[in-house]
2 protein chains.
Amino acid sequence: MAGVSQSSVSRAYTPGASVSPQMAEKVRQAADHLGYRPNVLARSLITGTSRIIGLVVGHFENHFHPSALELLSRELKKNGYHILVFLAPNEESDTEEIVADLLDYQVDGLIAASVAMTVPLASRCRAEGIPAILFNRHQGEDGPTSVASDNFDGARRVAHFLVAGGHQRIAHISGWRGSSTGREREDGFRAGLQDFDVALATCADGRYSRSAAAEACRSIFARGCPAPDAIFVGGDHMAFAVIDTLKSELGIRVPEDVSVVGFDDVPLAAWPSYSLTTMRQPLERMVEATVGKLLEAIDQRNTPPVHLRFPCSLMLRGSARLPEDRRHHE
Amino acid sequence: MAGVSQSSVSRAYTPGASVSPQMAEKVRQAADHLGYRPNVLARSLITGTSRIIGLVVGHFENHFHPSALELLSRELKKNGYHILVFLAPNEESDTEEIVADLLDYQVDGLIAASVAMTVPLASRCRAEGIPAILFNRHQGEDGPTSVASDNFDGARRVAHFLVAGGHQRIAHISGWRGSSTGREREDGFRAGLQDFDVALATCADGRYSRSAAAEACRSIFARGCPAPDAIFVGGDHMAFAVIDTLKSELGIRVPEDVSVVGFDDVPLAAWPSYSLTTMRQPLERMVEATVGKLLEAIDQRNTPPVHLRFPCSLMLRGSARLPEDRRHHE
DNA sequence: ATGAAAGCGCTAACAG
DNA sequence: CTGTTAGCGCTTTCAT
């Protein structure tokens with residue numbers, strides 16, 4: 001090569017190694033000349049660390065997911081990690097096979113975003129010493145470390161907001177009840193209504209899909225009167241479908257005839273055409289916490305599972321009548 | 001382990017290897033018991049193939065990109081490959097450093113989606129024998145293999161459609177002119193107008209961003225009359241911003257006062273709130289071709305670069321006056 | 001059909 | 001500070 005030993009080359013590429021500046025320079029020169037770069041995979045074999053984080057995600061239709069991927073990727077990159085993507089067939093499928101696949105790649109860590117991890121899988125990760133984090137989901141106190149927003153509290157505050165806005169017949173189109181996020185939002189919403197002794201008019205499962213949410217919306221307004229004057233939808237992505245169905249198909253005005261409130265605050269919610277009032281999940285903070293916890297777990301094994309919750313904030317926009325509007329109308 | 005040699009284990013996991021059924025069974029049993037799975041990285045070291053494809057992408061704000069990622073990932077997975085994600089700081093930045101990083105991971109192939117590759121980089125990929133494909137971009141006949149839609153022809157047909165619709169003062173808000181896609185759409189649109197001896201009223205650069213497109217829209221309508229009665233926007237993502245600006249800020253009706261036509265056909269374009277008439281890029285076919293070409297190049301080295309173009313199709317929706325509407329108004 | 005041995009490209013002790 | 005040696009977990013000739 002350039003008349004030096006293999007180890008010197010290695011040291012030239014190891015940040016804190018004891019190597020003279022001239023040696024390092026000599027190596028880099030020769031490397032540039034030959035187009036040489038260290039083989040990360042071979043390095044992984046010996047160090048046992050691949051600098052790859054596996055990300056399991058359901059689909060990208062809901063813009064919350066690509067946003068999360070983008071932020072996670074940037075945050076991880078700062079720390080020298082990259083994301084290997086694994087798409088689950090769908091949100092409901094168990095991720096058994098997929099994560100087994102992931103493990104083969106010797107990922108240093110694993111983020112399950114908006115998908116569930118089977119119990120045997122979680123224990124296998126722990127057995128192999130691969131830190132796993134549930135993002136935007138959780139699986140009980142005994143489950144893997146999780147990072148999410150406070151869905152229960154957020155949904156409860158939506159209920160308070162709607163009641164304060166003078167709404168009488170309040171409906172809910174939930175996310176999939178098979179998901180912790182969907183359940184917590186529904187439960188929180190019911191609790192919030194309870195706080196004011198208001199009954200939930202109707203409740204239907206939107207399954208996090210546009211078509212299911214639209215169908216739920218139709219059925220809510222089809223079944224005999226009285227029609228609701230407010231709908232809380234357990235996710236922005238579904239809320240858009242509800243607004244579309246209301247306005248274009250049913251000829252119902254938003255918010256004059258019915259208020260619609262979402263959950264997530266994806267970018268589209270702020271665009272004027274929807275102007276969706278929604279409970280914002282603090283994505284940045286969730287991402288930071290996820291990456292922080294993950295790297296911590298990679299550094300020092302055997303960190304006990306923790307369950308982080310971040311508070312949501314209500315974004316007041318045009319799709320729901322405000323409390324002030326009430327007096328206005330009276 | 002289970003009383004067999006290392007090689008036999010290897011063979012048990014190699015599809016076409018000469019191994020007796022009983023041996024294979026014995027190995028799998030022991031493996032299941034021990035929770036053993038082959039180490040993909042170690043395999044890569046010897047086989048020289050990692051089954052990882054690097055994907056470079058700018059950002060996910062424009063929903064075309066996550067859609068592409070999702071389809072690419074699914075298509076690659078069918079063939080046993082996975083995607084390692086690399087986010088470029090922005091669409092305009094050169095990808096030099098990023099792809100160098102990618103190369104370190106010994107990816108089997110490389111897809112640059114909607115970002116440019118510097119020339120030295122492209123040649124380095126070729127030198128290292130790593131197939132690279134430009135997705136939704138191209139860099140001339142001598143550049144790397146590229147897969148895209150026929151942007152020029154598509155934009156030209158948008159011009160014909162607008163002229164046929166009886167529009168008199170036609171404006172264009174282009175994608176970034178530094179991108180082949182942006183240039184081709186602008187050039188094609190100009191050519192299409194030329195075909196009917198119609199002059200382009202105004203043209204502004206939307207730089208593929210919401211804010212730049214909104215600003216371009218404002219300036220087009222601010223500068224002295226006459227205001228355009230049609231705008232072709234070089235990407236759906238920008239078209240939504242234009243429609244928002246028109247309706248919410250400028251109080252201009254779409255399509256009564258001005259027709260808006262986009263390019264891409266992202267899912268949102270079909271939602272009733274925008275109902276965007278747009279030139280559809282055949283994403284599925286582009287993805288199939290990309291993966292097909294990439295795997296072909298991985299199998300047999302030294303495939304000559306090709307440049308695939310797929311035809312677009314106009315999606316007629318509500319944001320632009322139709323040719324029929326013209327008679328109607330007369 | 002199976003085992004033994006060599007080596008992929010690198011890092012991590014250990015000498016010097 | 002630098003070179004030597006061993007070995008990460010696998011696949012692959014080459015024998016048997």
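Computation of the quantities below employed the complete heavy-atom set of this structure, encompassing side-chain atoms and omitting hydrogens, waters and symmetry-equivalent molecules. Chain A is the first sequence line, chain B the second, and so forth, proteins listed ahead of strands; every chain is numbered from 1.
- When distances are taken from the side chain of A/Ser20 to each of D/dT11, D/dC1, C/dC8, the shortest belongs to D/dC1.
- When rounded to the nearest whole Å, the span between CG of B/Leu45 and P of C/dT11 equals 12 Å.
- Taking only side-chain nitrogens and oxygens, A/Ser18 never comes nearer than 4.0 Å to OP1 or OP2 of D/dT2.
- Note on B/Ser10: every side-chain N or O is 4.0 Å or more away from OP1 and OP2 of D/dG9.
- Proximity of A/Ile133 to A/Lys293: side-chain heavy atoms (C-beta onward) are separated by under 4.5 Å at one or more points.
- Here C/dA1 presents its C1' atom at 9 Å from CD of B/Gln22, a figure rounded to the nearest Å.
- Counting to the nearest Å, the P atom of C/dC10 and the CZ atom of A/Arg37 are 12 Å from each other.
- Residues A/Tyr208 and A/Thr181 meet the side-chain proximity criterion, which asks for heavy atoms closer than 4.5 Å.
- The pair A/Arg309-A/Glu184 meets the salt-bridge criterion, with a side-chain N (NZ, NE, NH1 or NH2) lying under 4.0 Å from an Asp/Glu carboxylate O.
- For the pair A/Arg28 and A/Tyr13, the cation-pi test (distance below 6.0 Å, angle within 45°) is passed.
- The shortest distance between the side-chain N/O atoms of B/Ser44 and the OP1/OP2 oxygens of C/dC8 is not below 4.0 Å.
- Across the protein-nucleic acid pair, B/Lys26 atom NZ and C/dG3 atom C1' stand 13 Å apart, rounded to whole Å.
- Annotation: cation-pi pair B/Arg51/B/Tyr81 present, NZ/CZ under 6.0 Å from the ring centroid and within 45° of its normal.
- When each of A/Thr47 and B/Ala24 is assigned the nucleotide of DNA chain C bearing its nearest heavy atom, the one mapping closer to the 5' terminus is B/Ala24.
- One N or O donor and one acceptor, one from the side chain of A/Arg11 and one from the base of D/dG3, sit under 3.5 Å apart.
- Of the listed nucleotides (D/dC10, C/dG3, D/dG3), D/dG3 has the atom at the smallest distance from the side chain of A/Ser5.
- Distance CZ (B/Arg43) to C1' (C/dG7): 17 Å, rounded to an integer number of Å.
- What separates CD of B/Gln6 from P of D/dT12 is a distance of 13 Å, to the nearest Å.
- Rounded to a whole Å, the CG atom of B/Leu34 is 15 Å from the C1' atom of D/dG9.
- Under 4.0 angstrom from either OP1 or OP2 of C/dC10 there lies at least one side-chain N or O belonging to A/Tyr36.
- Among the protein residues, B/Ser7 comes within range of the nucleic acid bases, having at least one heavy atom under 4.0 Å from a base atom.
- Look at CG on B/Asp104: it is 11 Å from P on C/dT11, rounded to the nearest Å.
- For A/Ile46, the listed nucleotide lying nearest its side chain is C/dA12; candidates were C/dA1, D/dC10, C/dA12.
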